[in-house]
Number of protein chains: 2
Amino acid sequence: MPKTSVEYCTGTDDHARQWDHRAGCEVRTVLDRVSDKWSLLALSYLSERSHRFSELRRKIDGVSQRMMTVTLRQLERDGLVLRTVHPTVPPRVDYELTPLGANLHQTIQVLSSWSEQHEAEIAAARAAYDARISAVSA
Amino acid sequence: MPKTSVEYCTGTDDHARQWDHRAGCEVRTVLDRVSDKWSLLALSYLSERSHRFSELRRKIDGVSQRMMTVTLRQLERDGLVLRTVHPTVPPRVDYELTPLGANLHQTIQVLSSWSEQHEAEIAAARAAYDARISAVSA
DNA sequence: CCGCATCCGATAGGATACTG
DNA sequence: CAGTATCCTATCGGATGCGG
């Protein structure tokens, strides 16, 4: 019984009302799934074509076997990825996006585009902020 | 000198190329800022109007004073929020979205809408998955 | 080949107490 | 009122080793 983030929605009445009214509750479901270290890359590669486990693991540089498994399981649980086990020896497992997963991937591209367009602005803001802080503490 | 996630982009050549080509690097900058526990709510409230510190803290149910400060500092550092200190006694500090912050908030609404539209689908997938798992282990 | 279990370090975030 | 500093816990994710 994996833990989810429903607690944000099911706390006190005020708590629940806060999230419901602000439409901030539902987006957390998605954000909590997608904002981890590897999900985004997995979705990205799977959006091109289906991959088997090791193939995906090789492409996603730096991921441990454990996290590759965990990540794919979570995506599968949320209906974003379909897992197909071929009963061969050695075993072969294929992963592909579901329509829902492909749909989400498209939606995330919007945020991705925004990030690319505004990254310089953010970097500049950070540099300015850090300079300001250094100046104060100096 | 706060730590960022640039490490994802500046690792080995392969590592960097991976992110650059897949447009997955830039979006992490934004995702890492916005996917924490409180940033989204802060952006949401500030998108309506400016708030002073305690006012915002009262609205965001459950946030500790520490995390309210930390969250706002991060948003400020990235140029999403403007912080104005009024040198009165007692002190008064106002927070408001910058144009960049407002812009980002709008962009996130896209993801938020998607989440609302597909939440039932995700919930169903989870229920089905969990049922399947329970059945296996039983 | 794929996945699970275990251990372990790093980090996020809560509680509390203290300053200007 | 707004912020800082300290401490403490829970969770994330990496490393390694075993099993089907």
Side-chain angles (χ1 to χ4, degrees), chain A residues 1-5 7-8 11 15 28 31-42 50-77 81-96 133 136-137, chain B residues 1-5 7-8 11 15 28 31-42 50-77 81-96 129 132-133 136-137:
Chain A
M1 196 86 69
K3 219 189 99 183
T4 64
S5 288
E7 59 190 76
Y8 294 127
H15 210 157
R28 282 237 69 95
L31 219 49
D32 286 344
R33 175 59 61 248
V34 142
S35 67
D36 63 46
K37 197 168 176 181
W38 306 110
S39 290
L40 217 58
L41 270 175
S50 73
H51 287 68
R52 47 187 305 189
F53 185 88
S54 297
E55 191 182 13
L56 199 54
R57 175 152 153 60
R58 271 190 302 274
K59 285 199 181 182
I60 301 182
D61 192 82
V63 70
S64 64
Q65 190 177 36
R66 175 178 135 73
M67 289 316 296
M68 189 75 263
T69 305
V70 169
T71 301
L72 288 169
R73 281 294 182 287
Q74 289 174 335
L75 294 172
E76 187 195 3
R77 186 171 108 96
V81 157
L82 182 65
R83 176 170 176 267
T84 311
V85 183
H86 298 92
T88 59
V89 181
R92 173 199 178 96
V93 183
D94 281 319
Y95 292 91
E96 61 189 308
I133 298 302
V136 169
S137 62
Chain B
M1 197 85 69
K3 219 189 100 184
T4 63
S5 287
E7 61 191 74
Y8 294 126
H15 210 155
R28 282 237 68 94
L31 218 50
D32 287 344
R33 175 59 62 249
V34 141
S35 66
D36 63 46
K37 198 168 175 181
W38 307 110
S39 290
L40 218 58
L41 270 175
S50 73
H51 286 68
R52 46 188 304 190
F53 185 89
S54 297
E55 190 183 12
L56 199 55
R57 175 153 152 59
R58 271 191 302 272
K59 285 199 182 182
I60 301 181
D61 192 82
V63 69
S64 65
Q65 190 177 34
R66 176 178 133 74
M67 287 318 294
M68 189 76 262
T69 303
V70 168
T71 301
L72 287 169
R73 280 294 184 287
Q74 289 174 335
L75 294 172
E76 187 197 3
R77 187 171 106 97
V81 158
L82 182 64
R83 176 171 175 268
T84 312
V85 183
H86 298 92
T88 59
V89 181
R92 173 198 179 95
V93 182
D94 281 318
Y95 292 90
E96 61 188 309
Y129 181 92
R132 209 145 51 76
I133 298 302
V136 169
S137 63

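Please read these numbers as outputs of a predicted model, since none were measured by experiment. Every chain is numbered from 1 and lettered A, B, ... according to where its sequence line falls, protein lines coming before strand lines.
Atom NZ of A:Lys37 is separated from atom P of C:dA12 by 12 Å (rounded to the nearest Å). Distance CZ (A:Arg33) to P (D:dC12): 10 Å, rounded to an integer number of Å. In this structure, the CG atom of B:Asp61 is 12 Å from the P atom of C:dG14, given to the nearest Å. Going from atom CE of B:Met68 over to atom C1' of C:dA15 covers 17 Å, rounded to whole Å. Here the P atom of nucleotide C:dC1 and the CZ atom of A:Arg57 are 11 Å apart, to the nearest Å. Distance NE2 (A:His51) to P (C:dC1): 16 Å, rounded to an integer number of Å. For B:Asp32 and C:dG13, the CG to P distance is 11 Å, given to the nearest whole Å. For the pair A:Met67 CE and C:dG9 P, the computed distance is 18 Å after rounding to whole Å.
Taking the side-chain hydrogen bond (donor to acceptor under 3.5 Å, both in side chains) definition, one finds that A:Gln74 meets it with nothing, sequence neighbours left out. Residues satisfying the side-chain hydrogen bond (donor to acceptor under 3.5 Å, both in side chains) criterion with A:Gln65, sequence neighbours excluded, are absent altogether. In this structure A:Arg92 satisfies the side-chain hydrogen bond (donor to acceptor under 3.5 Å, both in side chains) test together with A:Asp94, sequence neighbours excluded. Not counting sequence neighbours, B:Arg57 has no partner by the salt bridge (charged side-chain N to carboxylate O under 4.0 Å, His left out) test. Residues passing the side-chain hydrogen bond (donor to acceptor under 3.5 Å, both in side chains) test with B:Arg83 are B:Tyr95, sequence neighbours excluded.
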What nitrogen or oxygen pairs link the protein and nucleotides 1-8 of chain D at under 3.5 Å?
{"residue": "D:dC1", "atom": "O3'", "partner": "B:Arg52", "partner atom": "NH2", "Å": "3.0"}
{"residue": "D:dA2", "atom": "OP1", "partner": "B:Arg52", "partner atom": "NE", "Å": "3.0"}
{"residue": "D:dA2", "atom": "OP1", "partner": "B:Arg52", "partner atom": "NH2", "Å": "3.1"}
{"residue": "D:dA2", "atom": "OP2", "partner": "B:Ser54", "partner atom": "N", "Å": "2.7"}
{"residue": "D:dA2", "atom": "OP2", "partner": "B:Ser54", "partner atom": "OG", "Å": "2.2"}
{"residue": "D:dA2", "atom": "N7", "partner": "B:Gln65", "partner atom": "NE2", "Å": "3.3"}
{"residue": "D:dG3", "atom": "OP1", "partner": "B:Arg83", "partner atom": "NE", "Å": "2.8"}
{"residue": "D:dG3", "atom": "OP1", "partner": "B:Arg83", "partner atom": "NH2", "Å": "2.6"}
{"residue": "D:dG3", "atom": "OP1", "partner": "B:Tyr95", "partner atom": "OH", "Å": "3.0"}
{"residue": "D:dG3", "atom": "OP2", "partner": "B:Tyr95", "partner atom": "OH", "Å": "3.1"}
{"residue": "D:dG3", "atom": "N7", "partner": "B:Gln65", "partner atom": "OE1", "Å": "3.2"}
{"residue": "D:dG3", "atom": "N7", "partner": "B:Gln65", "partner atom": "NE2", "Å": "2.8"}
{"residue": "D:dG3", "atom": "O6", "partner": "B:Gln65", "partner atom": "OE1", "Å": "3.0"}

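Between the side chain of B:Arg28 and the main chain of A:Ser35, a donor-acceptor pair closer than 3.5 Å is present.
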